[in-house]
Protein chains: 2
Amino acid sequence: MQKRIAELLKKNQLSITESRKKILELFQSANGALAHADIEKQSGEHFDRVTIYRTLQTFVEKGIIHTIPTADNSVLYALCKDECSAGHHHDNHVHFICDDCGTTYCLDHVDIPAIQLPIGFKAKQTDIVMSGVCKECNV
Amino acid sequence: MQKRIAELLKKNQLSITESRKKILELFQSANGALAHADIEKQSGEHFDRVTIYRTLQTFVEKGIIHTIPTADNSVLYALCKDECSAGHHHDNHVHFICDDCGTTYCLDHVDIPAIQLPIGFKAKQTDIVMSGVCKECNV
DNA sequence: TTTGTTTTGCAACTAGGTTGCAAATGCCTA
DNA sequence: TAGGCATTTGCAACCTAGTTGCAAAACAAA
Ligand SMILES: [Mn+2]
Ligand SMILES: [Mn+2]
Ligand SMILES: [Zn+2]
Ligand SMILES: [Zn+2]
């Protein structure tokens with residue numbers, strides 16, 4: 001696990017530092033998306049908040065994580081699939097937020113349906129965020 | 001036009017004030033969604049920004065306007081259809097942001113398709129935001 | 001017009017995020 | 001494996017968007 005993390009950083013030409021290792025570890029062991037505040041808490045407040053901001057930015061740029069838009073306009077982050085790289089994200093999947101437990105899921109296997117737009121409109125990207133009750137909280 | 005605005009306010013049990021009239025007017029003559037900053041500028045900086053925040057909140061609560069989530073986590077507002085009321089929004093339509101001119105459209109006549117979720121997930125709401133080129137900017 | 005209620009503007013505050021810079025850490029090569 | 005260069009970190013200061021308390025102004029009802 002530790003090895004995989006180091007390799008992932010190397011592959012992206014990032015030096016291996018405590019904060020980067022720890023933050024990646026948090027993402028890999030989380031079962032949903034994480035907010036900046038989650039990381040701050042879960043890392044035991046070892047790192048400056050600025051460091052966390054910069055680490056997240058770097059990871060997004062490198063295609064290691066992607067951001068998830070939410071209805072309440074907070075920012076969430078989740079691991080990208082292997083196909084993503086610097087400047088080329090391929091995170092075309094549906095996101096699901098559980099109203100009950102608050103967990104945000106990347107539903108990688110749910111396809112984005114084609115949507116017929118009015119004449120003249122040409123879509124390049126489709127973001128779908130659903131909410132309701134997740135499989136853990138269901139009954 | 002002025003009369004319609006006054007009636008809309010009355011129908012929602014809101015007193016008729018300069019700021020509310022002006023802000024409603026801006027929404028009715030806009031062809032897309034508006035951000036707080038747009039309203040601040042377009043109103044000629046006549047109103048305090050706090051007043052604008054509070055007016056927007058009130059309008060959202062009454063079902064006169066609705067918020068639109070965006071990828072860059074800024075907040076946009078647009079007029080609701082007549083069916084919306086306090087505590088009961090029915091704005092289940094697709095939103096479209098033009099990469100070219102920046103206009104955000106409510107596509108009222110585009111239906112949200114059914115999306116098959118993994119077992120155990122139960123959806124209550126679906127938000128779809130598409131982006132690309134709008135009918136004005138197309139060619 | 002008077003009176004009571006609602007709304008406004010101002011100032012002060014909060015939360016989330018960014019920037020500049022010196023000190024600390026990590027990487028590379030001898 | 002130590003030394004030197006480049007990158008990253010932590011701190012302080014700053015910025016922007018949004019919120020709150022309160023007195024003054026505007027509005028609605030009588
Ligand atoms: Mn995702
Ligand atoms: Mn809309
Ligand atoms: Zn849940
Ligand atoms: Zn356009």
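Letters A, B, ... mirror the listed sequences (proteins, then strands); counts begin at 1.
Close to D:dT8, at under 4.0 Å from its OP1 or OP2, lies a side-chain N or O of A:S15. Within the 4.0 Å cut-off from OP1 or OP2 of C:dT7, not a single side-chain nitrogen or oxygen of B:T51 is found.
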How would you summarise protein contacts on nucleotides 15-26 of chain D per nucleotide, using B for base, S for sugar-phosphate only and - for none, with heavy-atom distances below 4.0 Å? --SBBBB-----
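Between A:H66 and A:H89, the two ring planes are perpendicular [angle over 60°; tilted spans 30° to 60°].
Atom C1' of nucleotide C:dG17 and atom CD of A:E40 are separated by 12 Å, given to the nearest angstrom. In this structure, A:L56 atom CG and D:dT9 atom P are separated by 11 Å, rounded to whole Å. For the pair A:I23 CD1 and D:dT9 C1', the computed distance is 12 Å after rounding to whole Å. Residue A:I52 contributes atom CD1, which lies 17 Å from atom P of C:dA15 at whole-angstrom precision. Between B:Q13 atom CD and C:dT7 atom P there is a gap of 11 Å when expressed in whole angstrom units. Spacing between atom NZ of A:K22 and atom P of C:dT25 amounts to 19 Å, rounded to whole angstrom units. Atom P of nucleotide C:dA24 and atom CG of A:D48 are separated by 15 Å, given to the nearest angstrom. Between B:L9 atom CG and C:dT7 atom C1' there is a gap of 13 Å when expressed in whole angstrom units.
Salt bridge annotation for B:E7-B:R4: absent, with no cationic side-chain nitrogen under 4.0 angstrom from a carboxylate oxygen.
For the atom pair OH (A:Y53) and CD (A:E40), the distance works out to 7.0 Å, reported to the nearest 0.5 Å.
Ring centroids of B:F121 and A:Y105 are separated by less than 6.0 Å, placing the two rings close together.
In terms of heavy atoms, A:C98 sits closest to A:C134 at SG-N, 3.5 Å.
Contact of the B:L79 side chain with the B:L24 side chain is registered, since non-hydrogen atoms from C-beta on lie closer than 4.5 Å.
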How far apart are the C-alpha atoms of B:H95 and B:H93, what are their side-chain angles, what is the distance that settles it, and do they pass the side chain to side chain donor-acceptor pair (under 3.5 Å) test? CA-CA 7 Å; B:H95 290 110; B:H93 51 258; 3.0 Å; yes
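At the heavy-atom level, B:S19 lies under 4.0 Å from the strands shown only through sugar-phosphate atoms.
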